[in-house]
Amino acid sequence: MSSGNGYKVIGTRPIRHDGVDKVTGRAVYGGDTRLPGLLYGQVLRSPHAHAHIKSIDTAKAVALPGVKAVLTGADLPEAGDTIVDLGEGPARLKYMSDNVLATDKVLYSGHPVAAVCATSVHIAEEALDLIEVEYEVLESVLNVREAMQEGAPQLHADMTTQEFGEDTGKTSNLATHFQHKLGDPDQAFASADVVIEREFQTATVHQGYIEPHNATAMWNSDGQITIWTSTQGSFTARAQTGAVLDVPVSKIKVVPQEIGGGFGGKIPIYLEPIAALLSKASGQPVKLIMTRPAVFESTGPTPGSYVKIKMGANKDGKIVAADAYIAFESGAYPGGLVGAAAMCVFSCYDIADGLIDCYDVVLNKPRSFAYRAPGSTQVAFATEHVVDLLAAELGIDPLEFRLKNSATTGTRRIDGVVYPKMGCKEVMEAIRDSDHYKSAAPSGSNQGRGISVGYWFNVGLQSACTASVNSDGTVSLTEGSTDIGGSRTSIAMQFAETLGLTAEDVKPQVVDTDSIGHTDVTGGSRVTYATGWAAYKAALDVQEQLCARAAQLWEIEADQVKFEDGTFSSGDKSYTFKELAGHLDETGGPVIGRATVNPDSGVGGSFAANIADVEVDPETGKVQVLRFTVIQDAGRAIHPSYVEGQMQGGSAQGIGWALNEEYYYSDNGHLDNSSYLDYRIPTCLDLPMIETIIVEVPNPGHPYGVRGVGEANIAPPPAAMANAIGNAVGVRPQELPMKPGRIVAALATGG
Amino acid sequence: MSKAHVQTTINGEQTEFLCEPRQSLLEVLRETLGFTGTKEGCNDGNCGACSVTVDGVLIDSCLMLAVEADGVEIGTVEGLATPESLHPLQQKFLEHAALQCGICTPGFLVASKALLDHNPDPSEYEVRHWLAGNLCRCTGYDKIVRAVLDAAQEVRASA
Amino acid sequence: MKDFEYCAPSTLREAVALKAEKGEAARILAGGTDLIVQLRGKRFAPDRIIDIKNVPEANELSYGPRRGLVIGAGVPCWRFYNDADIAERYPGLIDSAAIIGGIQIQGRATFGGNLCNSSPSADSIPSLITHSASCNFAGPNGKRSIAVEDFCTGPGANVLEPGEILVSLQLPTAKKNTGCHYQRFIPRNEMDIAVVGVSSHVVLANRGKEFKAVRIALAAVGPIPIYASAAGEGLVGKTVSDEAIAAAATAAQEVATPISDMRGPAEFRTHLVGVLVKRTLEGAIARARGKFVANAVQEAAG
Amino acid sequence: MPIAWIPSLMQKLTGGQHQIEVEGETVRQVVEALEVLHPGFKDRIVEDDRIKTEIAVAVDGEVVASGLRAKVGPESEVHFLPALAGG
């Protein structure tokens, strides 16, 4: 099998190494953890969106037969006023701790206030009903612009607005304000022939992974804590748990179990410290699994947003100026996602002058966290809408207009950064060259086609790999990146390619925090890039050691041995990798390759694009996707099937975000739709086949040219859908979701 | 409350267990009997991760009490493969890369098996209709639908 | 969830005695797809659950030219939505059965349970109302029957006495020149609760050109499923026409009293009543004229 | 000489200057040089001898993990950005 790209393994489609376990039900996910003497935990959550906790009385719960321990926020160590960066962006430890278990105040409906463990999950649940919490209910605020107003209910009495390293000393719900400015936007707008400005709103949406959060912990009497959990980053989970429990990381071992989806939402911790403290109190292992309503009410959604975009262009079709005002709902505690939005908002275009003004705002919703290209979708929805309007106003085809203004290698973004080699234009050209775009747009009544592009910058961070050569010529590869979507295989393939092995010759394994070097989260589209790079370097280490072993056997110097196409040779003597692996015992014993990376440069960003054909039922406002294509620059597709899978998955999530997904709060701040029944992620019947086109503009910063593909694909879909709806019925929605009632209302008023 | 004694058949094997009436079939399968291949996603019948068959009928095991299982035959994901080989559906899911995180996969496999037992030659729309009660957040369903259609063809060819 | 006593009686008499003994503190378990969710959500905390699936009367599914169709309260949807005879005689019923939840839910859920759950958005109730179905109860004081449109009294509330059990549903014999159609509007294509549901049932005369009898019922636009009698009766004797249908749609909108919630705003729901009355009347008319109008299962089968 | 790009909200400190050429072979030297030109600059960026956690430094367009120790070339651009979270 060969991929036709000059590689033997990269670009092929082997069966994933963990596949059989996952289709037979044998793979052990976090919730499947079973231990002798296991107790079951449950968490009591606030019914109020905003309240002071006046008192908590747990006496009746403690007295219930079968209950082994009860916990409140008072049982967590006092969190100092320190800032910690534990792999999911900087945060105040106090905020992180209070989000695990509230102390003085609850800040959202679903905020944890107490926890119980018992001999059965049902007894634990009965015990929750016996905990008496007295609240003083406060007025809540649930919309970003209302939260920014003077006199809005204030969540944190001591929170002051930070302006790029400066504390303004002003208390409000505005956590952070920052700006990027390039050139002279005022003058550039004055020179523009056409200027279009629009306002946009997007609802809070959830990552929606099917597996609920879970954690099982055993706190041994010697102070050693073991935590079995589903996490995107075992080291990050360890660091966060250690910080909240005020325990050194060396006392904690995190065993990452298989993880049932994350999309950014399983980077933060929720249950881990609770499970640990309940175990400490009971002396037994404790397992907690979140209920589905709790997952929606209490775990990281992505921010709702208010965005205003102004763009100006010349008659010849060049965009000359762009302004963005971006306000993000960070939820109950400050977050860092609006920074990413700022980097993405005009990322697809070459614009010389612009201003990006950003606000991070707290309000009475769960603390928002990363969700696949966090922040990019909200702003792509806005920008791509205005780009279509500009093209229409200028009488230029929207794709031609995008191509004419495409950012490219060397373009300076408004946040100042200059692009290294990248594939924005290639992705746009792939729209033009696709079967889908070349086929006639659907021409039935209320049918239309829309396009859009989007970006995610990807990250590098730390990874480690070790590789033990087995005597039969296979290699056991250990790594610390938890595998959410087949990354074991994409890492093993890079290792195999480097040593001339087959993918099947490499046995990849995700191990616990005591068994591998620090490895950052499975997020930021970094695993195939950075852990793959570590695997590549570990393979080179193995290669070097094996050259020395061959040299020993041939009684020559190591530099006289060369390695090519999986064979070690010197003159007419040669060993295949497998042959040489059989001689390790006689040449000094085992060979273990190892490598770590923490790339300072070379992270290649990825662009994605969509073509969407839709039909709108004007009587009901319902939108059907008739045909959908996703295009993305993968740099180099290691395992094309899983690259396509990422692209299709991001598309489906983006379509859900576009059409129906939203947090629906009642006026008193209760989340009304905390179930899969009413939080409507797309079903099988809601989607067509999703066509994929992989563009490969190799990333010069990676040995195999990899760009992470996990995220950029969620940025363009809502915009493509809005543009398609606009072309179908003449009304281009400015608010997500574009749900049926909203479409009907817009059609009735003509906009 | 006293525990109920339930006799049932799981993947062809006679099994007995004790349970409280309030325990769901899902809970007993996973926590009492160790059939953790059947997953919990929502515990209210809206995701299909806990799909099993009861006397050949596809159901969500979170919405059936374990005591109701007395005298029935239950099929779970653990019963799909033989010691010799995977079921064609399992094989095609692997070949088509029809899973990413894999948490929904057992439910999809059990549901797809029930579909093929009921209709060995489904159209794409029939596959999508039948599987609408199984949510997947990773794949966008494309590769799942292709895998089921491909497996159906293989099952028909070998029938 | 509080624990409870589980009983699975094998006779109706036994079931009634178990229910009568506990009254409100006992709940009937048929498919369980609503009940078990509600127990978990602590909407009910009964002492006793009575599983009626072993009661022969609750398991009956039969059709006779005189009795019509009898659906036992414990009969799950899957047992009758693939039945060609039932589909032909009561197509509107199948429209409902084929869209309650997904395939897994249909493997357990029953019309009897859907009715006793008495949700205003229940998909089966408008179809039962327009088919002129009646409910058969058994209780300590014997048996009684009432029309389905008189069953629900409020969200989650109905006329069942604390000691009574719904045994079966009964639909009159299907007549010629009759058609029925149920549609609901949901934002997705499956797995949602109706934003609005409408069933229309027509009997046509004069070679299918004239309305002889019409029944229209609405879901999710009031505290109970609404029998829009005036909307249907207004059509009787009229020639089948777009204008007549539009007038019925307007009449139905007048009796709708929807609320705004996560499933849709009130004005949108009222608007949808008009859309769906029109669409279901057209479907029912087509079926009455012998034309094929697919239900969800048939749609899937192409 | 490398060019430091000054975030717009810090330009009050630099008298409105957007870009400043300064000597330096590492981010630390660039920041020290900026501090000499515009006292107070360092306190906005650095805390406990590290780049503040809420701020990221990019050299030639790439956010650097090595912070103050990151190498800066004679033609390099240095940007100060808000720190980010990934998905």
Side-chain angles (χ1 to χ4, degrees), chain A residues 13 15-16 18-29 31-32 34 40 120-122 207-212 258-263 289 291-292 483-486 639 641-642 644-653 655 675-677 681-692, chain B residues 20 22-23 27 30-31 34-49 76-78 80-81 86-87 89-91 93-107 109 124-125 127-146:
Chain A
R13 301 173 187 245
I15 285 179
R16 62 193 281 170
D18 53 338
V20 170
D21 280 350
K22 285 182 176 162
V23 297
T24 53
R26 278 196 288 271
V28 177
Y29 290 75
D32 303 336
R34 305 176 86 221
Y40 297 83
S120 97
V121 71
H122 299 286
Q207 294 84 346
Y209 32 77
I210 307 297
E211 178 203 43
E258 295 299 336
I259 169 171
F263 317 112
I289 298 179
T291 64
R292 178 52 54 179
D483 181 355
I484 312 193
H639 192 310
S641 294
Y642 287 97
E644 292 160 5
Q646 289 293 323
M647 293 162 67
Q648 291 166 330
S651 300
Q653 291 179 337
I655 291 169
S675 74
Y676 278 133
L677 184 61
I681 76 171
T683 74
C684 212
L685 201 57
D686 298 317
L687 297 170
M689 291 297 187
I690 296 169
E691 296 165 51
T692 56
Chain B
E20 292 178 5
R22 63 180 164 182
Q23 289 185 283
E27 184 189 341
R30 288 176 53 79
E31 300 294 337
F35 286 92
T36 53
T38 304
K39 303 301 182 190
E40 176 185 320
C42 68
N43 217 22
D44 64 4
N46 284 295
C47 79
T76 74
V77 69
E78 287 91 347
L80 289 184
L86 297 176
H87 186 278
L89 278 162
Q90 293 171 311
Q91 186 61 34
F93 266 57
L94 294 179
E95 289 172 14
H96 285 266
L99 58 147
Q100 285 179 30
C101 81
I103 196 83
C104 70
T105 307
L109 287 166
E124 180 193 331
Y125 191 88
V127 171
R128 290 185 181 277
H129 180 259
W130 185 275
L131 296 177
N134 292 82
L135 296 180
C136 170
R137 189 61 159 171
C138 294
T139 65
Y141 305 104
D142 181 300
K143 292 180 188 302
I144 293 175
V145 174
R146 289 179 201 277

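In what follows, chains carry the letters A, B, and so on, assigned in the order in which the sequence lines appear, proteins first and then strands, with residues in each chain numbered from 1.
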Exercise. A/Gln207 side chain to A/Phe263 main-chain N or O, any donor-acceptor pair under 3.5 Å?
Worked result: no
For [X], is it the side chain, the backbone, both, or neither that has a heavy atom closer than 4.5 Å to a heavy atom of chain A?
X        : result
B/Glu31  : both
B/Thr105 : side chain
B/Asn43  : neither
B/Leu94  : both

Under a 4.5 Å heavy-atom cut-off, does chain B meet the side chain of [X], its backbone, both or neither?
X        : answer
A/Ile484 : both
A/Ser651 : neither
A/Arg26  : neither

In Å, rounded to the nearest 0.5 Å, how long is the span from [atom1] of [X] to [atom2] of [Y]?
X        : Y        : atom1 : atom2 : value
B/Leu109 : B/Leu80  : CG    : CG    : 6.0 Å
B/Ile144 : B/Gln100 : CD1   : CD    : 9.0 Å
A/Arg292 : A/Ser675 : CZ    : OG    : 10.0 Å
B/Tyr141 : A/Ile690 : OH    : CD1   : 10.0 Å
B/Thr38  : B/Glu27  : OG1   : CD    : 13.5 Å
B/Arg146 : A/Met689 : CZ    : CE    : 4.0 Å

For this session: Using side chain to side chain donor-acceptor pair (under 3.5 Å) as the criterion, list what pairs up with A/Thr291, not counting sequence neighbours.
Result: none
Select, from [options], the one with the greatest count of heavy-atom pairs under 4.5 Å involving chain A.
options                               : result
B/Ala81, B/Cys47, B/Ala132, B/Ala98   : B/Ala132
B/Gly102, B/Cys104, B/Gly37           : B/Gly102
B/Val145, B/Val77, B/Leu135, B/Asp44  : B/Leu135
B/Val127, B/Ile103, B/Leu89, B/Leu131 : B/Ile103

Of all of [options], which one pairs up most often with chain B through heavy atoms under 4.5 Å apart?
options                                : answer
A/Leu687, A/Thr692, A/Asp32, A/Val28   : A/Asp32
A/Gly25, A/Ser120, A/Ala27, A/Gly261   : A/Gly25
A/Asp686, A/Val20, A/Asp483            : A/Val20
A/Met647, A/Glu644, A/Gln653, A/His639 : A/Gln653

For this session: Please name all residues satisfying salt bridge (Lys or Arg N to Asp or Glu O under 4.0 Å) with A/Lys22, sequence neighbours left out, ordered by chain then number.
Result: A/Asp18, A/Glu258
Exercise. Do B/Gln23 and A/His122 come within less than 4.5 Å of each other through their side chains, counting heavy atoms only?
Worked result: yes
